[in-house]
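As structure tokens, the structure follows; a few thoughts come after it.
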Amino acid sequence: MGEMSSIQLGVIGALFLSVASSVSIVICNKALMSNLGFPFATTLTSWHLMVTFCTLHVAQRFNLFEAKPIDMKTVMLFGILNGVSIGFLNLSLGFNSIGFYQMTKLAIIPFTVMLETIFLKKQFSSKIKFSLFLLLVGVGIASITDLQLNFLGTILSLLAIITTCVGQILTNTIQKKLNVSSTQLLYQSSPFQAAILFVSGPFVDQMLIKQNVFAFKYSPIVLGFIILSCLIAVSVNFSTFLVIGKTSPVTYQVLGHLKTCLVLAFGFTLLHDPFTERNLIGILVAIFGMGLYSYFCTNENKKKHSIDLPLASQVKDKENSPFLGGKNMGNQEKENHEPKKSSKESLV
């Protein structure tokens, strides 16, 4: 029970860190882009990832965590995929209306559910699906104002959905299959994410806003907000991998929509952004859906844990049985004669 409580506290801490850091960086970036006129979102993201890697490298040097070697091909493909997904999301926002972009983000949850069901054979109960449906309806009511379709924007949105879903599923799968922590995976993959965005970011931004990041006049206050944004991004990137690893890609997306509701509420209360009854109704429906999702997930996890405990004790009893002693010794000898696996683990 004590172990379960510590796991639950770890999950709650990861969720809180993700919400707090994400809302903070939205506020910081809104001030940077809207008030100070720095519109280079993709390039800024590459700087975020570079600062994240440098911070983790320093932490690793001080032995705050142990770097675990992962197969280079796995890490490189994973890092590039995540970097490409960020680029596609930014392009989707640039070539679509705000409403259609919000629809793109909403589509990530059902698409993730579909992929996990088909390829990972994961089962989602009807209660979970209903709570997710309520959540998506609520966020849609609160945030979608207009829907303007165009062919290029639709293609970019589809690519953004696919790469984002696959990237987040791999974030969870790699941590569990290769037994690496969120910090170890982020440390190994962030250089590749940063590299692809550092190279492509200026071109993507030039295409979207017709401005050159290298020709921008950087005042001290702009530089200050960029540094602040990069420092907050370390926490955002770390908590993203942490939440996906401890929970699931779907739960992370649910958390993302909670952040959307909080940002809308913050904009209304502190920044006096326009707010209608429709926004309020949508936020309330979304929060109700999130509450149901959390409740149903907690109940299902408790049932699963109550089933797993007797099974685990039965396995332990069999292992300790004297009648199986010879078999266990034989297995140990067989394991001792097996060749050692490579120190670098791979999913590819």
Side-chain angles (χ1 to χ4, degrees), residues 18 22 41-53 56 68-95 101 104-105 107-120 122 154-205 207 233-234 236-245 247-253 256 344-348:
S18 179
S22 296
T42 310
T43 303
L44 181 63
T45 304
S46 72
W47 298 345
H48 288 169
L49 288 162
M50 281 191 288
V51 171
T52 298
F53 171 72
L56 291 177
K68 184 174 182 179
I70 308 173
D71 175 69
M72 182 60 70
K73 184 180 177 183
T74 300
V75 172
M76 185 181 296
L77 292 175
F78 172 72
I80 291 173
L81 176 66
N82 277 328
V84 168
S85 72
I86 294 170
F88 278 136
L89 281 170
N90 287 342
L91 286 171
S92 174
L93 176 59
F95 283 91
Y101 175 72
T104 300
K105 292 175 70 177
I108 291 173
I109 284 184
F111 199 84
T112 302
V113 169
M114 183 185 73
L115 289 179
E116 289 195 306
T117 302
I118 295 173
F119 295 103
L120 301 181
K122 187 173 181 179
T154 302
I155 296 298
L156 290 170
S157 291
L158 287 173
L159 292 171
I161 292 168
I162 293 168
T163 52
T164 301
C165 292
V166 174
Q168 290 181 359
I169 290 171
L170 283 176
T171 302
N172 180 271
T173 304
I174 291 174
Q175 289 185 56
K176 291 182 177 176
K177 295 288 185 182
L178 300 186
N179 194 27
V180 296
S181 69
S182 55
T183 310
Q184 290 167 334
L185 180 58
L186 180 60
Y187 177 62
Q188 297 279 353
S189 62
S190 55
F192 298 103
Q193 295 183 59
I196 191 167
L197 289 175
F198 186 75
V199 172
S200 63
F203 297 103
V204 172
D205 290 332
M207 188 188 307
V234 176
V236 173
N237 292 324
F238 171 73
S239 62
T240 296
F241 278 59
L242 189 63
V243 169
I244 295 175
T247 57
S248 70
V250 173
T251 299
Y252 175 73
Q253 284 299 323
K344 291 190 177 183
E345 300 182 70
S346 170
L347 279 181
V348 180

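Side chains are part of it too, since the values below use all heavy atoms of this structure and drop only hydrogens, waters and symmetry mates. Owing to the predicted nature of the structure, the values given are computational and were not obtained by experimental measurement.
- Distance CG/Leu56 to CG/Asn237: 9.0 Å, rounded to 0.5 Å.
- Proximity of a side-chain donor or acceptor of Ser189 to a complementary backbone N or O of Leu185 within less than 3.5 Å is detected.
- Taking CZ of Phe241 as the start and OG of Ser182 as the end, the distance is 8.5 Å to the nearest 0.5 Å.
- Annotation: ring-ring contact (aromatic ring centres under 6.0 Å, His included) contacts of Phe53 (sequence neighbours excluded): His57, Tyr187.
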Report task. Assess whether side-chain contact (heavy atoms from CB on, under 4.5 Å) is satisfied between Met114 and Phe119, documenting all intermediate values. Result -> CA-CA 9 Å; Met114 183 185 73; Phe119 295 103; over 6 Å; no
Query raised in the report: How far apart are the C-alpha atoms of Thr173 and Leu120, what are their side-chain angles, what is the distance that settles it, and do they pass the side-chain contact (heavy atoms from CB on, under 4.5 Å) test?
Result: CA-CA 10 Å; Thr173 304; Leu120 301 181; 4.2 Å; yes
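- Closest approach of Ala194 to Met50, counting heavy atoms only: CB-CG, 3.6 Å.
- With hydrogens and angles left out, the side-chain atoms of Thr163 and Ser85 include no donor and acceptor closer than 3.5 Å.
- A 4.5 Å side-chain heavy-atom check between Lys122 and Thr117 finds every atom pair outside the cut-off.
- Closest of all the heavy-atom pairs between Gly83 and Leu197 is O-CD2, 3.3 Å.
- Side-chain contact of Tyr252 with Thr240: a donor-acceptor pair under 3.5 Å is present, judged by distance alone.
- Residues Pro249 and Ile169 share a closest heavy-atom pair of CG-CA, 3.7 Å.
- One distance of note links CD of Gln188 with OG1 of Thr74; it measures 11.0 Å at 0.5 Å rounding.
- To the nearest 0.5 angstrom, Ile70 atom CD1 is 9.0 Å from Phe78 atom CZ.
- Residues passing the side chain to side chain donor-acceptor pair (under 3.5 Å) test with Thr42, sequence neighbours excluded: Asn90, Asp205.
- Residues Gln175 and Gln184 bring no donor and acceptor atom of their side chains to less than 3.5 Å of each other.
- Nearest approach of Ser200 to Ile196, heavy atoms of both residues: OG-O, 2.6 Å.
- In plain terms, the two heavy atoms of Phe192 and Gly79 that are nearest each other are CB-CA, 4.1 Å.
- Leu115 contributes atom CG, which lies 11.5 Å from atom CD1 of Ile108 (distance to the nearest 0.5 angstrom).
- Every residue meeting the side chain to side chain contact (heavy atoms under 4.5 Å, CB included) condition with Pro202, not counting sequence neighbours, appears here in chain and number order: Thr43, Val213, Phe214.
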Report task. Let me see the working for Asn82 and Gln193 under side-chain contact (heavy atoms from CB on, under 4.5 Å), right down to the final yes or no. Result -> CA-CA 6 Å; Asn82 277 328; Gln193 295 183 59; 3.5 Å; yes
Query raised in the report: Can Thr164 and Phe88 be said to form a side-chain contact (heavy atoms from CB on, under 4.5 Å), step by step?
Result: CA-CA 9 Å; Thr164 301; Phe88 278 136; over 6 Å; no
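- Annotation: the span from Cys165 atom SG to Ile109 atom CD1 amounts to 9.5 Å, rounded to 0.5 Å.
- The environment of Phe111 atom CZ is dense: over 12 non-hydrogen atoms of other residues, nucleotides or ligands sit within 6.0 angstrom.
- Nearest heavy-atom pair, Val180 versus Lys68, reported as atom, atom and distance to 0.1 Å: CG1-CD, 3.6 Å.
- Side chains of Ser190 and Thr52: no donor on one and acceptor on the other come within 3.5 Å.
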